[in-house]
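See structure below.
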2 protein chains.
Amino acid sequence: METTWAPRLRDAGLRVTRPRLAVLDALAGHPHADADTLVTVARQAHPTISPQAVYGVLKALVAVGLARRVEPAGAPALYEVRVGDNHHHLVCRSCGAVADVDCTVGAAPCLSPSDTSGFVVDEAEVVFWGLCADCQGAGRPAVVPGASDRVRQQAGQQHTRGGAGA
Amino acid sequence: METTWAPRLRDAGLRVTRPRLAVLDALAGHPHADADTLVTVARQAHPTISPQAVYGVLKALVAVGLARRVEPAGAPALYEVRVGDNHHHLVCRSCGAVADVDCTVGAAPCLSPSDTSGFVVDEAEVVFWGLCADCQGAGRPAVVPGASDRVRQQAGQQHTRGGAGA
DNA sequence: ACCCTTGATTTGACTCATTCAAGAAAAGCG
DNA sequence: CGCTTTTCTTGAATGAGTCAAATCAAGGGT
C-alpha cells in the first residue's frame, strides 16, 4: 500500500518519510478530511506524529500538487488526494458532509466569467450548497453561513444555533 | 444617506441603531470589505464602535439577508450589501482583490451538478481565481492557496469563454 | 556500508479572526 | 415618560493554523 506513494513523492522531489506515507494513506482512506482528523487517522500508522508535522506534510503535498486543499466557508480546511481533474464539491449546510462532483467540462477553468474585470482567470471553483440525504429528513438547521437564511426568510423562521461541531 | 437604511432595517425586524447605520454605510462604500476594514471605516461615522459590535451587526445583517458573507479560501471573511441576485466573484490570488461577476442565469442555484449524490442543492457558489490587472504585470507571486502551481505547469489550457455560465 | 549534507520533523510558543458572556445602554411600544 | 427587550460594550476565550529553533533522518557521495 505504502509502496504506491513512494515513487510519487520522489517524482515530486520530496523525500519518502514515514509521516508523509501515513498522511497519504490517511488521505486515501478519508477523501475529505480536515487536519485534525488526519492527525488521528495517521496516528494509526505512525502513533507519534505531531499535528504540526501533519500541517507540514499537507502543505508540502499541496505545494507539489499531490494533494488539494478545499476550504468551505465556515469549516476548517479539507484535503483530498484527487487532483488534476478540476472536480467540484457538494457541501451539506447541516452536517458539513462533502461529496465530489465531476466537472463536465474537464480542464480548468471550466467556466469563464462574461466580464473578467481585467482579471486573468485560471480556475473556477464551484461549491454546491445544500442538504445531504441524511440531513434532509432530520429537520436539522443549517449551520453553515450562506444563502440558507435568505432561502428561508419567506417563512419568517427564526432558528437557533445547532451543534454541528466536528 | 442614512435614511435609506432605516426602513430596510425595520422591514427586516431590526432596530435602527447608530452602529448598524455606520456599518451599512461602510459596506456601501466598500463593496468587499473584511470585518477589520469595516471597523475602521465605520468609526468615521461612529468613533466609539467596537469590533465586537461590528461582528454582531454583520451577523444580524447576514441573518436577515441585508448583507452577504463571502469567505474566499485563505482570507478573512468579506461582506457585501449586494444581495438577492446570486452573483459570483473574481478573486486575485496575489493581492486578494475581489470583483463581482454577474450571474447570467439569475436565480439560485444557477448551476446544477450532474450527479447530486442525494443532496438537495439550493445554491451554487462560484469563485473565479486569477490575477487582477494590477498584479499581472507586477510579477507578484500567488499567495493564496489554490491550483496556481499546478495550473502553471500545464499552461495553455485556456478555454474560450463559455459565457458567464455561472 | 558509512558519513554527511540537506530536508523533514518535533516541540513549544504564538498570531489572527472570530466567538462567548455579563453588564450597561438605548430603541421603541404603550 | 417609563418599561421591556434588543443591542452594544467590555473583557476574555476559542480554535485553526503558523513561525522558529533544535533535533532527527533520507539518501547521495565516498
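Not measured: the values here are computed from a predicted model. Order of the sequence lines fixes the chain letters, A, B, ..., with proteins taken first and strands second; residue numbering starts at 1 for each chain.
The distance from atom CG of A:Leu21 to atom C1' of C:dT9 is 14 Å, rounded to the nearest whole Å. The interatomic distance linking A:Leu58 (CG) with C:dA8 (C1') rounds to 14 Å, in whole Å. A:Leu61 places its CG atom 11 Å from the P atom of C:dA8, with the value rounded to the nearest Å. For the pair B:Lys59 NZ and C:dT18 C1', the interatomic distance rounds to 9 Å; values are reported in whole Å. Atom NE2 of A:His46 is separated from atom C1' of C:dA8 by 12 Å (rounded to the nearest Å).
One finds a side-chain N or O of B:Tyr55 lying less than 4.0 angstrom from the OP1 or OP2 phosphate oxygen of C:dT18.
Protein chain A touches strand DNA chain D; the 5'-most and 3'-most nucleotides with an atom under 4.0 angstrom of its non-hydrogen atoms are D:dA16 to D:dG27.
In this structure, the separation between NE2 on A:His46 and CG on A:Leu21 is 10.5 Å, given to the nearest 0.5 Å. To the nearest 0.5 Å, the span separating CD on A:Glu123 from CZ on B:Phe128 amounts to 11.0 Å.
Other residues, nucleotides and ligands contribute only 12 or fewer heavy atoms inside 6.0 Å of the CZ atom of A:Arg8.
Here B:Ala77 lies in heavy-atom contact (under 4.0 Å) with sugar-phosphate atoms only.
Counting only distance, with no hydrogens or angles, the side chain of A:Arg15 and the backbone of A:Arg10 share no donor-acceptor pair below 3.5 Å. When atom types are taken as modelled, the side chain of B:Glu71 and the backbone of A:Gly74 share a donor-acceptor pair closer than 3.5 angstrom. A donor-acceptor pair under 3.5 Å is formed between the side chain of B:Gln136 and the backbone N or O of A:Gly118.
Residue A:Val39 comes nearest to A:Ile49 through the heavy atom pair O-CG2, 4.4 Å, listed as atom of the first residue, atom of the second, then distance.
Each of A:Pro19 and B:Ala35 has a nearest nucleotide on DNA chain C; the 5'-most of these lies closest to A:Pro19. Residue-to-nucleotide proximity on DNA chain D shows that, of B:Ser50 and A:Gln52, the 5′-proximal contact is made by B:Ser50.
Under 4.0 Å is where a charged nitrogen must lie from a carboxylate oxygen, and between A:Glu80 and A:Arg69 no such pair does. Using a 4.0 Å cut-off between charged nitrogen and carboxylate oxygen, B:Arg82 and B:Asp102 count as a salt-bridge pair.
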Sugar-phosphate means primed atoms, P, OP1 and OP2; the rest is base. With that split, encode nucleotides 24-30 of chain C 5' to 3' as B, S or - using protein heavy atoms under 4.0 Å.
--BBS--
